Number of protein chains: 4
Amino acid sequence: MNGYLAMPKKRDNGKYFKIIEAATKIFAEKGFYQSRVSDIAREAGVADGTIYIYFDNKDDILISLFEEQMRLVLENMISKISSLDDPAEKLKAFALTHLRLVEENQSMAEIIQVELRQSSKFIKEYKNEQFAKYLEIIAQIIQEGQQKGVFRKDIIPGIAKRAFFGALDEMSRFWVLSSRRDYDIKTAALQISQYFLEGMKA
Amino acid sequence: MNGYLAMPKKRDNGKYFKIIEAATKIFAEKGFYQSRVSDIAREAGVADGTIYIYFDNKDDILISLFEEQMRLVLENMISKISSLDDPAEKLKAFALTHLRLVEENQSMAEIIQVELRQSSKFIKEYKNEQFAKYLEIIAQIIQEGQQKGVFRKDIIPGIAKRAFFGALDEMSRFWVLSSRRDYDIKTAALQISQYFLEGMKA
Amino acid sequence: MNGYLAMPKKRDNGKYFKIIEAATKIFAEKGFYQSRVSDIAREAGVADGTIYIYFDNKDDILISLFEEQMRLVLENMISKISSLDDPAEKLKAFALTHLRLVEENQSMAEIIQVELRQSSKFIKEYKNEQFAKYLEIIAQIIQEGQQKGVFRKDIIPGIAKRAFFGALDEMSRFWVLSSRRDYDIKTAALQISQYFLEGMKA
Amino acid sequence: MNGYLAMPKKRDNGKYFKIIEAATKIFAEKGFYQSRVSDIAREAGVADGTIYIYFDNKDDILISLFEEQMRLVLENMISKISSLDDPAEKLKAFALTHLRLVEENQSMAEIIQVELRQSSKFIKEYKNEQFAKYLEIIAQIIQEGQQKGVFRKDIIPGIAKRAFFGALDEMSRFWVLSSRRDYDIKTAALQISQYFLEGMKA
DNA sequence: TATGAATGAGAATTCATTCAT
DNA sequence: CATGAATGAATTCTCATTCAT
């Protein structure tokens with residue numbers, strides 16, 4: 001059932017995901033460059049060499065981990081959003097869902113924030129399509145709002161999507177990296193959505 | 001005005017800054033971990049060993065580079081803001097100045113965005129102190145606005161400052177990393193300030 | 001008989017001992033500080049990195065080499081001595097065995113004499129424990145002789161053991177370092193034992 | 001008055017000896033290879049480069065230090081011995097003087113013991129003539145004793161000189177390296193001389 | 001498939017020595 | 001003579017990756 005091209009990795013037994021999980025933990029703890037392949041192997045309970053049966057190299061672990069996770073995140077987000085009609089509600093839902101995902105998945109969030117989204121090595125060489133799709137969800141909400149006449153026409157979706165994502169992202173970075181939690185998720189999600197909703201209101 | 005203690009070891013001749021400049025270029029090009037100390041030395045036109053007369057180790061180059069730059073950025077931003085009265089104008093000025101600094105100083109911006117986040121915990125934590133000061137400028141503008149009654153009282157400055165910075169930051173990350181420039185700086189700065197100004201208007 | 005904990009990391013194949021042997025040769029030839037880890041690796045026929053699978057670092061090679069050898073030397077010496085009854089005969093046997101061990105194991109002897117003394121304080125202190133046991137064999141012979149009434153009671157074993165060992169050691173140092181051999185081993189062993197036996201006779 | 005050939009070093013001001021003194025302290029503390037030329041320079045209160053005006057290189061410092069000191073030691077020892085007639089008294093005097101010199105000059109003693117006499121690098125390349133002269137003093141005492149009929153004829157001076165020196169040396173190594181002092185110098189010197197005197201008595 | 005010992009290229013850092021001032 | 005900043009060769013150790021078992 002798995003297409004050859006779309007799923008070139010061996011995933012028969014659980015090892016592929018065991019390694020992904022282990023890498024998620026290790027990368028989040030120490031960062032990509034500080035993490036040793038053998039650390040991941042130990043954490044996953046496999047031999048060093050086994051990693052290279054499932055992944056091409058260390059870079060590939062990071063990218064696979066990211067793709068794997070982003071697929072889930074995108075699915076999750078789309079299902080949450082698509083059941084709603086009102087663009088304003090969609091935006092609020094996006095904010096809340098995003099922050100919740102970060103909270104439920106701290107390690108992954110830290111990796112995406114620190115290692116992957118910002119890593120010049122990867123961001124430059126690796127065409128980050130998953131992330132672009134994620135941003136595009138926001139852009140679509142905004143465009144929909146503009147078509148429905150609830151958001152101002154002069155809002156530039158290409159700017160607003162980044163601004164909105166950046167606002168959420170900075171907030172979650174703070175949480176992820178500082179382990180402090182001054183404001184609860186709902187409050188933060190609401191405040192941020194509010195700034196933008198008011199700011200973009202027609 | 002700079003205290004003796006804060007002063008880097010030696011700056012007699014221009015070597016200290018020549019190395020900082022070289023490192024800025026190299027780090028921006030290849031990333032911190034991909035950069036070799038000898039790359040920096042070659043770029044700076046000094047011997048490898050000379051680096052270690054002016055810096056303790058590779059990490060110290062990154063930290064010094066950051067400190068050197070943040071001093072300028074903070075000074076610059078404060079001088080731009082303090083000449084204005086209206087909190088709304090201050091926020092707009094912050095946005096514009098921030099994006100301009102990024103543009104004028106691409107390599108440095110890239111390093112701060114990309115490298116300082118993936119570096120060792122020590123550096124991350126170190127960075128946060130300087131960075132916190134920068135964020136605090138925004139918080140102060142917001143509080144001032146609330147006191148003057150131009151911003152809503154229910155805005156939480158601790159959230160808003162991050163949201164606003166994150167919006168700008170995401171925008172500039174896009175520029176820095178993608179080398180595309182779909183929107184000009186003024187447009188982006190205005191749009192982003194506008195979202196927030198409208199969103200926070202009393 | 002050897003406890004698990006005292007056992008070097010891995011000895012599956014002969015690599016551990018191949019490296020010890022290679023190091024013995026190289027250290028004896030060039031001295032500890034003049035020897036390169038890669039020299040040892042080449043001599044042992046392994047890759048540089050392989051050394052670090054079996055040893056923690058360069059110092060650890062020297063320590064292991066010494067420990068490995070001292071175990072043999074102590075066992076050897078004790079078995080030679082314990083079969084004898086007369087303290088005078090024991091002392092002669094000690095002298096002869098010591099000089100023979102040195103002769104049969106020139107490289108090792110040179111390392112113990114030369115390198116362990118000039119190495120870091122840690123090694124010096126470490127060495128003393130094993131070495132103390134060796135000296136104690138002499139002290140016991142002397143005490144036994146005093147109890148049996150064949151050695152004078154005013155002999156201080158703590159001084160005599162060092163004097164006797166020092167006499168042998170200086171003799172063997174001469175051999176080891178000079179590669180001259182003016183006197184044969186038996187002659188030297190007998191002369192030296194004689195000085196002391198006469199000197200300590202009751 | 002200083003012959004050109006015998007005294008090629010510049011010693012005008014006190015710098016030459018200041019450096020020798022500093023090196024003596026530093027080498028004794030950390031060992032030759034662990035000592036940095038700049039450590040010596042700092043200790044001597046001169047610039048790094050100044051060292052190279054007075055010495056050819058780091059090795060040369062060690063050798064010069066040794067020669068300088070051995071000259072004094074030899075002079076001292078010869079003057080002490082030559083005033084005595086009885087070979088037995090001479091041997092006792094040698095032992096006492098040797099141990100006193102060690103005690104009065106701990107740093108130097110440690111260097112001679114650890115760094116120079118045992119250092120394969122130097123001992124092999126550097127023809128240690130001063131040390132040979134020192135040993136020869138002992139041999140002469142023994143030969144004199146044999147001629148006077150107080151020492152047995154079958155004593156081999158070439159062996160006995162080393163045995164006697166080795167006995168003293170091991171004793172002093174113990175003092176120098178362990179910083180313990182279980183027996184006072186006179187006791188040790190007397191015991192050791194006694195062993196040999198009795199052992200060599202005709 | 002799975003293993004993990006072995007590999008060896010690679011990189012940060014040190015420090016004896018030089019030489020322009 | 002004296003200085004000490006600059007040099008750059010040299011060396012230990014790491015770690016991603018391979019491959020014989």
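Numbered from 1 within each chain, the chains take letters A, B, ... in sequence-line order. As the structure is a computational prediction, the values presented were derived from the model and not from experiment.
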Undergrad: Quick one: Ile61(C) CD1 to dT11(F) C1', roughly how many Å, whole number?
TA: 13 Å

Undergrad: Please state how far atom CZ in Arg42(C) lies from atom P in dA6(E), giving the value in whole angstrom units.
TA: 19 Å

Undergrad: Between Asp48(C) and Ser35(A), name the one whose nearest nucleotide on DNA chain F is closer to the 5' end.
TA: Asp48(C)

Undergrad: Val37(D) side chain: which of dT12(F), dC1(F), dA16(E) is closest?
TA: dA16(E)

Undergrad: Respond yes when some side-chain nitrogen or oxygen of Arg36(D) is under 4.0 Å from OP1 or OP2 of dT14(E), and no when none is.
TA: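 Checking Arg36(D) against dT14(E): no side-chain N or O falls below 4.0 Å of OP1 or OP2.
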
Undergrad: Give the nucleotide from the list dA16(F), dA16(E), dA6(F) with an atom nearest to the side chain of Lys15(B).
TA: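 Output: dA6(F).
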
Undergrad: Can you measure from CD (Glu68(D)) to CD (Gln130(D)) and round to the nearest 0.5 angstrom?
TA: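 The CD atom of Gln130(D) is 10.0 Å from CD of Glu68(D), to the nearest 0.5 Å.
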
Undergrad: Any side-chain heavy atom of Ile26(A) sitting closer than 4.5 Å to one from Arg36(A)?
TA: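 In short, these two side chains do not touch, never coming nearer than 4.5 Å.
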
Undergrad: What's the CD-P distance between Gln34(B) and dC15(F), to the nearest Å?
TA: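 Going from CD in Gln34(B) over to P in dC15(F) covers 14 Å.
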
Undergrad: Any idea which of dT3(E), dA5(E), dT13(E) is nearest the Lys58(B) side chain?
TA: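 The closest nucleotide is dT13(E).
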
Undergrad: Sub-3.5 Å donor-acceptor pair from the side chain of Lys58(C) to the main-chain atoms of Phe32(C), do we have one?
TA: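 Looks like yes, one N/O pair under 3.5 Å.
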
Undergrad: Report the relative orientation of the aromatic rings in Tyr16(D) and Tyr54(D); use parallel for angles under 30°, tilted for 30 to 60°, perpendicular for over 60°.
TA: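 Tyr16(D) and Tyr54(D): tilted rings.
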
Undergrad: I need the minimum non-hydrogen distance between Thr50(C) and Lys15(C), along with the two atoms involved.
TA: CG2-CD, 4.1 Å

Undergrad: Go through DNA chain F and write down every stem, that is, every run of at least three consecutive Watson-Crick or G-U wobble pairs with distances under 3.5 Å, as range with range.
TA: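 Ordered by first number, the stems with DNA chain F (at least 3 consecutive pairs each) read E:2-21 with F:2-21.
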
Undergrad: Let me know the distance between CD1 of Ile53(A) and C1' of dG4(E), rounded to the nearest Å.
TA: 12 Å

Undergrad: Can you tell me how far CD1 of Ile20(C) sits from CZ of Phe55(C), rounded to the nearest 0.5 angstrom?
TA: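 Nearest 0.5 Å value for the CZ-CD1 distance: 4.0 Å.
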
Undergrad: Where the side chain of Ala47(A) is concerned, which of dT13(E), dT12(F), dT3(E) is the nearest nucleotide?
TA: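 Nearest listed nucleotide: dT3(E).
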
Undergrad: Write down the distance between OH (Tyr33(D)) and C1' (dA10(F)), rounded to a whole number of angstrom.
TA: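 Computing the Tyr33(D):OH to dA10(F):C1' distance gives 15 Å.
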
Undergrad: When you measure from the side chain of Tyr54(D), which nucleotide among dA5(F), dA2(F), dT7(E) comes out closest?
TA: dA2(F)

Undergrad: Please give, in whole Å, the distance from dA5(E) C1' to Tyr16(C) OH?
TA: 17 Å

Undergrad: Expressed as a whole number of angstroms, how long is the span from Ile26(B):CD1 to dA11(E):C1'?
TA: 15 Å

Undergrad: Write down the distance between CZ (Phe55(B)) and C1' (dA6(F)), rounded to a whole number of angstrom.
TA: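 One finds 15 Å between C1' of dA6(F) and CZ of Phe55(B), rounded.
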
Undergrad: Measuring from atom CD1 of Ile40(A) to atom CD1 of Ile51(A), what distance do you get when rounded to the nearest 0.5 angstrom?
TA: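 The CD1 atom of Ile40(A) sits 5.5 Å away from the CD1 atom of Ile51(A).
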
Undergrad: Hey, which of these two, Ile51(A) or Asn57(D), hits DNA chain E nearer its 5' end, going by closest nucleotide?
TA: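 The residue closer to the strand's 5' end, by nearest nucleotide, is Ile51(A).
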
Undergrad: More 5' along DNA chain F: Gly49(D) or Gly49(C), using each one's nearest nucleotide?
TA: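 Nearer the 5' end of the strand: Gly49(D).
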
Undergrad: Does the side chain of Asn57(A) reach to within under 4.5 Å of the side chain of Asp60(A), using non-hydrogen atoms?
TA: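 Yes, their side chains come closer than 4.5 Å.
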
Undergrad: Closest to the Tyr52(B) side chain: dA12(E), dT18(E), dC13(F)?
TA: dA12(E)

